[in-house]
Amino acid sequence: MKTQVGIIGGGPSGLLLSQLLHLRGIDTVVLEKHSRDYVLGRIRAGVLEHGFAALMREAQVGERMDREGQIHEGFYIAHDGIRERVDLKTLTGNTVIVYGQTELTRDLYDGRDRVGGIVIHEAEDVRPHDVVGPRPFITYRRGGEAVRVDCDYVIGCDGYHGVSRRSIPGDRIREFERVYPFGWLGVLSRTEPVSPELIYAKHERGVARFSRRSPTPSRNKKQVPLSDSVDDWSDEAFFDELRRRLPGDVAAAMITGSSIEKSIAPLRSFVAEPMRYGNLFLAGDAAHIVPPTGARGLNSAASDIHYLYHALADHYTKGDDAGLEAYSRRALARVWKGQRFSWWMTTLLHRFPEDSPFDRRLQDTELAYLFSSQRALASLAENYVGLPF
Ligand code: APR
Ligand code: PHB
């Protein structure tokens with residue numbers, strides 16, 4: 001097979017890039033390890049900044065997002081039995097859109113189908129080759145058949161566990177990482193949401209987060225020790241504990257139901273530099289991971305795709321490689337700001353087992369300062385709605 005841009009990974013990053021390039025007349029092939037049903041069965045983030053939404057519209061897949069996604073003008077931080085609102089709209093003039101990543105991925109697949117885009121599922125043993133030379137290629141197997149895809153560029157959109165980053169020699173890439181000593185237990189349930197807006201609750205027993213999804217499911221989460229497993233938490237035990245950590249009025253109003261999905265995600269911050277090796281470019285989770293606290297995961301992928309899309313379009317339509325040359329530097333500058341914010345918000349709200357009484361007082365004071373200063377709140381808000389690309 002031959003294509004211009006070979007994309008490894010059919011998650012949001014890979015699909016969005018291939019759709020955007022296709023609409024500019026650039027040929028792509030997406031190689032995805034899993035089946036479409038498997039990819040669409042994953043439940044992940046749900047808060048989109050408007051920069052991401054704009055890319056979805058440009059990719060002609062934003063219609064359902066605009067119809068069913070909910071504009072959120074603020075969110076709450078609860079602590080010590082009260083809740084305080086972060087008014088994103090007033091502080092920044094901007095808002096976020098709550099729309100599940102699963103739905104967004106479905107829209108991207110539908111978009112790819114509509115224009116006849118090539119997405120190869122269940123591609124086994126995908127490997128990039130000769131990416132430092134002028135003729136890179138990708139190999140994979142499917143149903144016992146070995147296939148080779150010749151391309152100009154290989155784009156690694158294959159997530160944290162993918163093959164692209166790992167194919168780069170160790171002395172050509174540097175990894176920065178922080179692993180947090182806890183995880184988030186997430187429960188998706190078809191229950192009426194108790195609050196129209198997201199609530200992050202800081203509590204001495206650990207963080208709890210309530211968020212809603214369009215159309216109905218509620219997505220609730222709470223901090224648990226990494227030693228816990230999903231089996232340790234019945235639906236009942238989860239909701240009891242969630243109630244304990246949410247402010248009284250919210251807890252009292254909460255109607256609980258049975259879960260649709262339950263999982264524990266460890267919290268991790270991770271960045272790989274640079275995001276380019278020869279003609280292999282990394283984007284999204286393949287190059288960086290954030291803890292979910294600041295809702296930056298998907299939104300950090302969006303800026304990578306924005307830079308890469310324009311860089312590749314400039315290369316093919318104008319013969320201009322400046323964007324490709326600048327990609328890693330530009331993408332990393334924004335990625336690190338997302339890292340800083342996610343780390344800050346995680347540190348602000350979580351109970352760290354190793355914290356001393358002094359550390360806890362500082363944490364309480366950070367929160368008290370935040371809600372006593374419009375400038376401090378504005379800084380939180382501008383990061384939450386997304387810094388410019
Ligand atoms: N070969 C082919 N495909 C692969 C391989 C491989 N060796 N390894 C992984 N993949 C596929 C995965 O099955 C997955 O569908 O690559 C895709 C990567 O998708 P994501 O992990 O969703 O990463 P990305 O598209 O960058 O999405 C950004 O933002 O909110 C966060 O983590 C959240 O998934 C989200 C991410
Ligand atoms: C989500 O809806 O899954 C979500 C919301 C807010 C976050 C992280 C994840 O900070």
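As the structure is a prediction and not an experimental result, all values here were calculated from the model. Remember, it's 1-based here, ligands and their atoms both numbered in the order they're listed. Just the heavy atoms: all of them, side chains too, but no hydrogens, waters or symmetry mates, feed the values below.
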How about P128 and I8: do any of their side-chain heavy atoms sit closer than 4.5 Å? yes
My understanding is that only residues two or more places apart in sequence, or in another chain, count here; which of them pass ring-ring contact (aromatic ring centres under 6.0 Å, His included) with Y38? H34
Please check if the side chain of E73 supplies one atom and the backbone of K89 the other of a donor-acceptor pair under 3.5 Å. no
Hey, is the main chain of Y369 close enough, under 3.5 Å, to the side chain of S373 for a donor-acceptor pair? no
Using a 3.5 Å cut-off on N/O to N/O, what pairs does ligand 1 make with the protein? A line per pair would be great.
residue: ligand 1; atom: 3 (N); partner: K33; partner atom: N; Å: 3.2
residue: ligand 1; atom: 13 (O); partner: E32; partner atom: OE2; Å: 2.6
residue: ligand 1; atom: 15 (O); partner: E32; partner atom: OE1; Å: 2.6
residue: ligand 1; atom: 15 (O); partner: E32; partner atom: OE2; Å: 3.3
residue: ligand 1; atom: 15 (O); partner: R42; partner atom: NH2; Å: 2.7
residue: ligand 1; atom: 21 (O); partner: R44; partner atom: NH1; Å: 3.1
residue: ligand 1; atom: 22 (O); partner: R44; partner atom: NH1; Å: 2.8
residue: ligand 1; atom: 25 (O); partner: P12; partner atom: N; Å: 3.2
residue: ligand 1; atom: 25 (O); partner: S13; partner atom: N; Å: 2.9
residue: ligand 1; atom: 25 (O); partner: S13; partner atom: OG; Å: 3.3
residue: ligand 1; atom: 26 (O); partner: S13; partner atom: OG; Å: 2.7
residue: ligand 1; atom: 26 (O); partner: D285; partner atom: N; Å: 3.0
residue: ligand 1; atom: 29 (O); partner: L298; partner atom: N; Å: 3.2
residue: ligand 1; atom: 30 (O); partner: Q101; partner atom: OE1; Å: 3.2
residue: ligand 1; atom: 30 (O); partner: L298; partner atom: N; Å: 3.1
residue: ligand 1; atom: 32 (O); partner: D285; partner atom: OD2; Å: 2.5
residue: ligand 1; atom: 34 (O); partner: R44; partner atom: NH1; Å: 2.5
residue: ligand 1; atom: 34 (O); partner: Q101; partner atom: NE2; Å: 2.9

Contacts of S234 meeting side chain to side chain contact (heavy atoms under 4.5 Å, CB included) (sequence neighbours excluded), chain-then-number -> E236, A237
Apply the hydrophobic cluster definition, ILVMFWY joined by side-chain contacts under 4.5 Å directly or through others, and give me every member besides L362. F358
